[in-house]
Amino acid sequence: MPATSPLRAWLEQRPPAAGAAVMATGIVSVGLHLAGHEPLSRVVLVLACAAWTALAADFAVRLLRDRSQWTAEAETPGALTAVAATTVLGTRFSALGWQTLAEALLTLSVVMWPWLLVLVLRHCGRRMPGSVFLCCVATEGLAVLAAALAKAVTTAWLAHAALVAFWLGLALYVFALSRFDPRQVVEGRGDHWVAGGALAISALAGARLIDANSARLYLWNADDSGVLRTATIVLVVLDVCWYVVLLACEVARPRLGYDVRRWSTVFPMGMSTAAMLSVATALHYPWLKVPGQVLLWIAVAAWLAVAAGAVADARAGVAALRSTAPR
């Protein structure tokens, strides 16, 4: 595709937060897998992989062509979607049994995470949008993927590393909450939902850590397991509370129309599904599967609505660029 093509020019206008589209699509695939809808889950996974590949290529082009712009974007919370999206895909690949690929994605995530996190934290101000919670989401994404791999390949040190990431992610949530502008709950254009999604992925990490323990690894003693169980239950309850509050605010003050930040609404919805279904299995609460299934189809409906908006926006953007291109 020539560098001057309208589509190329349109792609270069996408903000770093577009990575939330991969996060949202990937977690919907995970949710469908956990609910037993494997064929549909794999179809959605293919879409997530295609989106990840396109954004990774765009990431590389920006790095090579305009280092100053790339650095400026890397300092925004949306840049951490690169880490979070990669860990979500890695988690899904691990569930498929593709552990080598999942390990490669974990390695890539670990390489990106520290310097992106430092850049973002250094430039965090007051009254931030919901994207500030991505510092927690990216860190907990590492915990989820590391815990999944620890169980799959029977590696104790990986599970202990995941536990460190789990607690660090919760500390980062407290930091993000102190910087979050509460007015975003009624004014945000989509990424305010990450305030709840960060708790959901933390609960998912807790469930994966509990599930990783086995007779082969002997990871946690009774006290440690009790703390993990309690923390995971509290996180699920808090996530549900955020979900109800955010949904009520959307109903009370509708914010219609497509915005790329709406992918950051779909992601928490899908993550709440994955967290609830995983907690139901890991903590032996089968009654959670019913609300988990309900939340799954809400997330799928939201994904379809945002995807339709994204397609319409892309067509309009490319058409506008073609109409103004020199002839």
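Numbers for residues simply follow the sequence, beginning at 1. What you are looking at is a predicted structure, and each value in this text was computed from that prediction instead of being measured.
At distances below 3.5 Å, at least one donor-acceptor pair connects side-chain atoms of Thr107 with backbone N or O atoms of Glu103. The backbone N or O of Ala307 lies less than 3.5 Å from no partner atom in the side chain of Tyr258, so there is not a single donor-acceptor pair. Put simply, the side chain of Trp220 gets close to the backbone of Leu209: a donor and an acceptor are under 3.5 Å apart. Arg253 contributes no side-chain N or O that, together with a main-chain N or O of Glu187, makes up a donor-acceptor pair within less than 3.5 Å.
Under a hydrophobic-cluster definition in which Ile, Leu, Val, Met, Phe, Trp and Tyr are linked whenever side-chain heavy atoms come within less than 4.5 Å, directly or via other members, Leu32 and Val43 are assigned to different clusters. There is a path of hydrophobic side-chain contacts, each under 4.5 Å, that joins Val240 to Trp287. Linking Ile, Leu, Val, Met, Phe, Trp and Tyr whenever their side-chain heavy atoms come within less than 4.5 Å puts Leu247 and Val236 in one cluster. A continuous path of ILVMFWY side-chain contacts below 4.5 Å connects Trp167 to Ile233, so both sit in one hydrophobic cluster. If you chain together hydrophobic residues whose side chains sit under 4.5 Å apart, Val164 and Leu172 never meet in one group.
No hydrogens or angles considered: a donor-acceptor pair under 3.5 Å links the side chains of Thr265 and Arg262.
No side-chain heavy atom of Trp113 sits under 4.5 Å from any side-chain heavy atom of Val118. Using a 4.5 Å heavy-atom threshold, the side chains of Val300 and Val44 count as separate. Between Leu45 and Leu89 there is a side-chain heavy-atom pair separated by less than 4.5 Å. Between Phe267 and Val194, the closest side-chain pair of non-hydrogen atoms is not below 4.5 Å. Proximity of Cys124 to Val132: side-chain heavy atoms (C-beta onward) are separated by under 4.5 Å at one or more points. Inter-residue side-chain proximity for Met271 and Asp239 is flagged as unmet; no heavy-atom pair is nearer than 4.5 Å. Between Trp193 and Tyr243 there is a side-chain heavy-atom pair separated by less than 4.5 Å. Leu80 is listed as a side-chain neighbour of Cys135, based on a closest heavy-atom distance under 4.5 Å.
From Thr139, atom OG1 reaches atom CG of Leu168 across 5.0 Å, with rounding to the nearest 0.5 Å. Note that the OG atom of Ser264 and the NE2 atom of His192 stand 10.0 Å from one another [nearest 0.5 Å]. Rounding to the nearest 0.5 angstrom, the gap separating the CZ atom in Arg126 from the CZ atom in Arg179 is 4.0 Å. In this structure, the separation between CG on Leu106 and CG on Leu101 is 11.5 Å, given to the nearest 0.5 Å. Atom OG in Ser94 sits 10.5 Å away from atom CG in Leu105 (nearest 0.5 Å). Between Lys289 atom NZ and Leu296 atom CG the span is 13.5 Å, to the nearest 0.5 Å.
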Checklist line | side chain to side chain contact (heavy atoms under 4.5 Å, CB included) evaluation trace for Lys151 with Arg208 | finding: CA-CA 9 Å; Lys151 178 181 180 181; Arg208 290 299 174 94; over 6 Å; no

Check: What's the verdict on side chain to side chain contact (heavy atoms under 4.5 Å, CB included) for Glu75 and Arg122, showing C-alpha distance, side-chain angles and the deciding distance?
Finding: CA-CA 8 Å; Glu75 294 171 350; Arg122 284 175 56 189; over 6 Å; no

Next item on the list: Check the pair Ser202, Leu170 against side chain to side chain contact (heavy atoms under 4.5 Å, CB included), reporting the backbone distance first and the verdict last.
Entry: CA-CA 7 Å; Ser202 299; Leu170 293 183; 3.7 Å; yes

Checklist line | Arg92 vs Ser41, side chain to side chain donor-acceptor pair (under 3.5 Å): CA-CA, chis, key distance, verdict | finding: CA-CA 10 Å; Arg92 184 66 185 93; Ser41 171; 3.0 Å; yes

Item checked: Stepwise side chain to side chain contact (heavy atoms under 4.5 Å, CB included) test for Leu47 and Trp303 -> CA-CA 12 Å; Leu47 297 176; Trp303 185 92; 3.7 Å; yes

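Atom CH2 of Trp115 is surrounded by more than 12 heavy atoms from other residues, nucleotides or ligands within 6.0 Å.
Exactly one of Val30, Thr87, Ile201 qualifies for a side chain to side chain contact (heavy atoms under 4.5 Å, CB included) with Val144. That residue is Ile201.
Qualifying side chain to side chain contact (heavy atoms under 4.5 Å, CB included) partners for Thr53, counting only residues two or more places apart in sequence or in other chains: none.
Annotation for Ala102 and Leu145: closest pair O-CD2, 4.0 Å, computed over non-hydrogen atoms. Here the closest non-hydrogen pair linking Ala143 and Ala205 is CB-CB, 4.0 Å. Between Ala162 and Ala146, the shortest heavy-atom distance links the atoms CB-CB, 3.7 Å. Nearest heavy-atom pair, Pro129 versus Gln184, reported as atom, atom and distance to 0.1 Å: CA-CG, 4.0 Å. Across every non-hydrogen atom of Thr86 and Ser109, the tightest pair is CG2-OG, 3.2 Å.
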